[in-house]
Amino acid sequence: MEASVLPSDADSVLPFTITSAGVRGRLIRLGPALQTILARHAYPVPVARQLAEFLLMTAGLSSMMKFDGIFTLQTRGDGPLRLMVADAASTGALRGYAGMNQPELEALLAQDPAPSLPRLCGAGFLEFTVDREDGPRYQGTVEMTGARVSDCILHYFQQSEQLPSAIHVAIGSDPLFAAAMILQRLPASEYGTEHPDLLEAREEGWRRAAILMSTLRDEELLDQTLSPASLVHRLFNEETYELHEVLSFTDQCRCSRERLTTVLASMSPEELVEMQLPDGRIEAVCQFCSRSYDFQPDALATLKEAATSGSLDARQAKG
């Protein structure tokens, strides 16, 4: 199936609640947006698959935000895949990229054509950042643990939220298409009190939901003729559930000349000089979308003056 004829829900998250079990869920699908983001950088297949899962998890987790803002997921490791970054705005704008040590990556792939996440990233950390338009910034960090990105997410849930969770991820090709389902037991504040009878009901409800999701096959997740609502019904039709508003995602970068100007102005005059090309200008390239911005010598003079005086606040470059 060509990307141009993928269903309209190919880049979306369907939130749902299994009210009879006290469980919340997300069914995430990424198709055309995912293909466009990955195609810009011609990543090796193993890196592309890791970043695809990373973008999938970013879309799913961002859909849990109850406010306007930006959710960012980032890895930092000492392996060939030094860095993965993806973020999603509450508007549905999604972007991501991977930073690699090319010689190390080529050496690894020569030994192992399909390396796991630990072999690619090495030892490192997974960071979660939430930037609210109105409110404080939240950041959480957890050690990367597990064979794939979703394992790291589950480890974070266990460490921070301490709520039972389950994730099933499937990634297909020709064309690249990724889908996932996330289940999480609702916190007590959203599912009654901790009365012993209710606590037992919550535990039993979670077990039922997890068992039902364990029957989900990759082929079902990747079946683009099966609507998200139909798949949720297929799995949980014996439960009482509610479907919520579908959230759509698009490939959309937030870079701009203004943001990059602020970033450059936050650098030292010496750093700016080092970045100058032989003709005196600086070429700044967005790592996400690869768009290039030229800053001519006359503009650089202003930047250097701002860098010296500190008249521009680097915090304005956030995001």
Side-chain angles (χ1 to χ4, degrees), residues 30 33-59 61-62 70-89 93-129 131 139-153 156 171 176 178 251-256 259-260 262-264 266-267 271 274-275 277 282-293 314 317-319:
L30 290 179
L34 179 65
Q35 295 159 22
T36 303
I37 291 171
L38 297 184
R40 289 194 182 99
H41 299 280
Y43 297 113
V45 172
V47 173
R49 291 181 68 86
Q50 294 292 348
L51 187 54
E53 185 169 339
F54 207 67
L55 286 158
L56 199 65
M57 291 296 96
T58 299
L61 297 177
S62 72
I70 299 167
F71 174 83
T72 303
L73 199 60
Q74 179 171 315
T75 65
R76 291 188 183 276
D78 59 8
L81 182 54
R82 291 284 196 266
L83 173 76
M84 284 193 292
V85 182
D87 62 39
L94 181 68
R95 62 180 187 171
Y97 76 92
M100 301 165 287
N101 181 303
Q102 198 64 37
E104 289 184 15
L105 181 63
E106 290 175 358
L108 174 61
L109 296 181
Q111 299 175 356
D112 182 358
S116 64
L117 183 70
R119 296 206 70 190
L120 281 166
C121 292
F125 295 89
L126 182 68
E127 297 177 353
F128 299 71
T129 305
D131 288 299
Q139 188 168 51
T141 303
V142 68
E143 186 177 1
M144 284 195 286
T145 301
R148 58 191 304 174
V149 173
S150 54
D151 294 332
C152 298
I153 302 294
Y156 175 78
I171 299 176
L176 184 64
D251 157 47
Q252 183 178 339
C253 191
R254 300 191 311 281
C255 70
S256 67
R259 289 180 185 275
L260 286 172
T262 307
V263 171
L264 291 173
S266 70
M267 303 174 71
E271 288 173 318
E274 290 178 2
M275 294 176 65
L277 298 173
I282 285 180
E283 182 183 30
V285 179
C286 176
Q287 292 175 300
F288 287 97
C289 68
S290 299
R291 183 177 177 182
S292 176
Y293 296 85
K318 184 174 63 178

* Asked: Measuring from Y43:OH to Y97:OH, what's the distance to the nearest 0.5 Å?
  -> 8.5 Å
* Check whether any side-chain heavy atom of F288 sits under 4.5 Å from a side-chain heavy atom of D251, and report yes or no. => no
* Structure fact -> S292 and E283 have their tightest heavy-atom pair at OG-OE2, 2.9 Å
* Answer whether the closest heavy-atom distance between the side chains of L117 and C152 falls below 4.5 Å. => yes
* Student check: side-chain heavy atoms of M100 and H41 closer than 4.5 Å -> no
* Would you confirm whether T75, through its side chain, and M84, through its main-chain N or O, come within 3.5 Å as a donor-acceptor pair? => yes
* **Euclidean distance, Q74 CD relative to F54 CZ, rounded to 0.5 Å** => 7.5 Å
* To do: Return yes if some donor-acceptor pair links the side-chain N/O of D131 with the main-chain N/O of I70 below 3.5 Å, else return no.
  => no
* To do: Check whether any side-chain N or O of R259 sits under 3.5 Å from a backbone N or O of R254 as a donor-acceptor pair, and report yes or no.
  => yes
* With a 4.5 Å heavy-atom cut-off, do F71 and T129 have their side chains touching? -> no
* Heavy atoms only: give me the nearest P118-G146 pair and the separation to one decimal. => CG-O, 3.2 Å
* Asked: Can a donor-acceptor pair be found between the side chains of S150 and E53 at a distance below 3.5 Å?
  -> yes
* Asked: Which atom names give the shortest non-hydrogen contact between E104 and G79, and what distance separates them?
  -> OE1-C, 3.9 Å
* 4.5 Å side-chain heavy-atom contact, V149 and L51 -> no
* **Polar contact flag, side-chain donor to acceptor under 3.5 angstrom, T141-E127** => no
* Give, for atom CG of L176 and atom CD1 of I171, the distance between the pair rounded to the nearest 0.5 Å. => 7.0 Å
* From I282 CD1 over to L277 CG, what is the distance, rounded to the nearest 0.5 angstrom? -> 8.0 Å
* Side chains of L105 and L81 in contact at under 4.5 Å (non-hydrogen atoms) -> no
* Structure fact -> For I153 and F128, the nearest pair of non-hydrogen atoms, with its separation, is CD1-CZ, 3.8 Å
* **Distance-minimising heavy-atom pair for M144 and C121** => CE-CB, 3.7 Å
* Asked: Less than 4.5 Å apart, any side-chain heavy atom of R76 and any of L83?
  -> yes
* Structure fact -> When rounded to the nearest 0.5 Å, the distance separating SG of C286 from CZ of R40 is 8.5 Å
* Heavy atoms only: give me the nearest T58-A88 pair and the separation to one decimal. => CG2-N, 3.9 Å
* Does the side chain of L30 come within less than 4.5 Å of I37's, by heavy atoms? -> no
* Y293 side chain vs L260 backbone, donor-acceptor pair below 3.5 Å -> no
